[in-house]
Amino acid sequence: MIVTGIEELSRTKSKIYLDEAFAFVLYKGELRLYGVCEGKELQEEDYQKITGEVLPKRATMRCMNLLKSRDYTENQLREKLRQGMYPQKSVDAALEYVKAYGYVDDLRFVQAYIENQREKKSRRVMETDLMRKGIDAGLIREAFGLQEEAGNMPDEEALARRLLAKKNFNYETADYKERQRMAAFLYRKGIGSDTVSRVLRQQ
């Protein structure tokens, strides 16, 4: 493989192109260590060392550093590594490592999310948020099932009442137009139609 391009990303890192295609990112010291020079051949032994050891280890450390501050889903970590321009094999190796040691567990992440948000968001909104984070729909259903068994499901009616209170909704003075406006507001918050009808009829 011929090094056909070295594009500087920062004072410390550069993008490396092999045979006209982007291959990976290396630090300046690694360019010297593995003899990476534009127009010269990259030895197969060095290529295997970089792609099989150096980059997977670096990707794993990147995951571990991210997880020090908060939990991430598998999909979120994959996206972080893709943004860092790690090769797919390095991404897969890093995720395999952190999953094997329990550092990443999407089911645990979803259950913790439900417990944290169940007094603030409806189930529908939580499901949408979780799917946007790349969580599988089947896993989301499983997590809600486990939460239901534990008695930790969102109280949609209580949530609707709290939302109405924040809007200073007055059951006694509200006219038809105001009730319709509040109904639309609750629907947007993911509150089911039966619950909306029930709380707006409350005297």
Side-chain angles (χ1 to χ4, degrees), residues 59-86 91-92 94-203:
T60 301
M61 292 304 298
R62 171 64 172 151
C63 286
M64 297 296 287
N65 285 333
L66 287 168
L67 290 165
K68 283 180 181 178
S69 58
R70 69 175 181 86
D71 284 338
Y72 284 81
T73 66
E74 178 179 348
N75 188 69
Q76 287 173 326
L77 285 177
R78 285 187 180 279
E79 183 57 31
K80 286 287 187 181
L81 293 179
R82 281 194 288 266
Q83 291 172 3
M85 292 179 282
Y86 287 94
V91 174
D92 291 341
L95 267 294
E96 183 178 341
Y97 178 89
V98 293
K99 287 169 65 179
Y101 284 91
Y103 298 126
V104 174
D105 184 332
D106 281 0
L107 180 59
R108 183 182 66 208
F109 179 96
V110 174
Q111 291 195 83
Y113 179 88
I114 295 169
E115 290 176 11
N116 181 260
Q117 299 293 322
R118 64 192 178 94
E119 294 186 359
K120 306 171 188 175
K121 298 178 180 180
S122 67
R123 173 170 178 165
R124 189 180 306 170
V125 168
M126 284 192 281
E127 288 175 338
T128 300
D129 288 348
L130 288 164
M131 284 190 282
R132 284 175 180 163
K133 295 178 186 294
I135 303 292
D136 178 75
L139 191 145
I140 294 172
R141 287 193 297 272
E142 180 183 353
F144 271 106
L146 291 170
Q147 289 297 308
E148 188 170 8
E149 290 176 10
N152 291 330
M153 287 294 285
D155 185 335
E156 202 169 78
E157 188 166 325
L159 173 61
R161 288 181 181 137
R162 285 195 296 273
L163 291 170
L164 290 175
K166 286 183 178 179
K167 289 288 187 178
N168 296 315
F169 178 76
N170 188 310
Y171 295 95
E172 296 180 356
T173 62
D175 58 16
Y176 175 79
K177 185 176 180 180
E178 176 67 4
R179 289 176 186 274
Q180 289 297 100
R181 192 171 71 84
M182 287 297 102
F185 165 69
L186 293 176
Y187 291 144
R188 289 195 299 272
K189 293 295 185 180
I191 305 298
S193 57
D194 289 345
T195 302
V196 171
S197 297
R198 190 162 55 252
V199 297
L200 289 177
R201 285 198 306 267
Q202 180 179 332
Q203 298 299 320

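- In this structure, the side chains of Leu200 and Leu164 come closer than 4.5 Å at one or more pairs of heavy atoms.
- Listed for the Asp106 side chain is no donor-acceptor partner under 3.5 Å among the backbone atoms of Ile135.
- Distance CG/Leu66 to OH/Tyr103: 14.5 Å, rounded to 0.5 Å.
- The distance from atom CZ of Arg70 to atom CD of Gln76, rounded to the nearest 0.5 Å, is 5.5 Å.
- When atom types are taken as modelled, the side chain of Gln111 and the backbone of Leu146 share no donor-acceptor pair closer than 3.5 angstrom.
- Looking at Arg62, its side chain never comes within 3.5 Å of a backbone N or O of Lys80 through a donor-acceptor pair.
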Residue pair Leu67, Tyr72: steps toward the side-chain contact (heavy atoms from CB on, under 4.5 Å) verdict: CA-CA 7 Å; Leu67 290 165; Tyr72 284 81; 4.1 Å; yes
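- The heavy-atom pair separating Lys189 from Val125 by the smallest distance is O-CG2, 3.1 Å.
- Within a 6.0 Å sphere centred on CZ of Arg141, other residues, nucleotides and ligands contribute 12 heavy atoms or fewer.
- For the pair Met64 and Tyr101, the minimum side-chain heavy-atom distance is 4.5 Å or more.
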Derivation of the side-chain contact (heavy atoms from CB on, under 4.5 Å) call for Arg78 and Thr73: CA-CA 9 Å; Arg78 285 187 180 279; Thr73 66; over 6 Å; no
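- Atom CD of Glu178 sits in a crowded spot, with more than 12 heavy atoms from other residues, nucleotides or ligands closer than 6.0 Å.
- Within the 3.5 Å criterion, the main-chain N or O of Arg124 finds a donor-acceptor partner in the side chain of Thr128.
- At least one cation-pi condition fails for Arg181 and Phe185: the charged atom is not both under 6.0 angstrom from the six-membered ring centre and inside a 45 degree cone around its axis.
- Between the side chain of Arg162 and the backbone N or O of Glu119 there is at least one donor-acceptor pair closer than 3.5 Å.
- Note that NZ of Lys167 and CE of Met182 are 5.5 Å apart. Values are rounded to the nearest 0.5 Å.
- Contact record, Leu186 with Val196: CB-CG2, 3.7 Å, taken as the closest heavy-atom pair.
- A cation-pi arrangement, defined by a distance under 6.0 Å to the six-membered ring centre and an angle within 45 degrees of its axis, is present between Arg123 and Phe144.
- Between Cys63 and Leu95 the shortest heavy-atom distance is SG-CD2, 4.2 Å.
- Between Tyr171 and Phe169, the ring planes are perpendicular. Angles over 60° get that label, and only those under 30° would be called parallel.
- Between Asn170 atom CG and Asp175 atom CG the span is 11.0 Å, to the nearest 0.5 Å.
- Environment of CZ in Arg132: sparse, with no more than 12 heavy atoms of neighbouring residues, nucleotides or ligands closer than 6.0 Å.
- No side-chain heavy atom of Lys177 sits less than 4.5 Å from a side-chain heavy atom of Gln180.
- Taken to the nearest 0.5 Å, the CZ atom of Phe109 stands 11.0 Å off from the CG atom of Leu139.
- Nearest heavy atom pair, residue Ile191 against residue Ala160, reads CG2-CB, 4.2 Å.
- Using a 4.0 Å cut-off between charged side-chain N and carboxylate O, Asp155 and Arg118 make no salt bridge.
- Listed here is the closest heavy atom pair of Leu81 and Ala59: CD2-O, 3.8 Å.
- Smallest separation of non-hydrogen atoms from Leu159 and Lys121: CD2-C, 3.4 Å.
- Looking only at distances, no side-chain donor or acceptor of Thr195 sits under 3.5 Å from a matching main-chain atom of Glu157.
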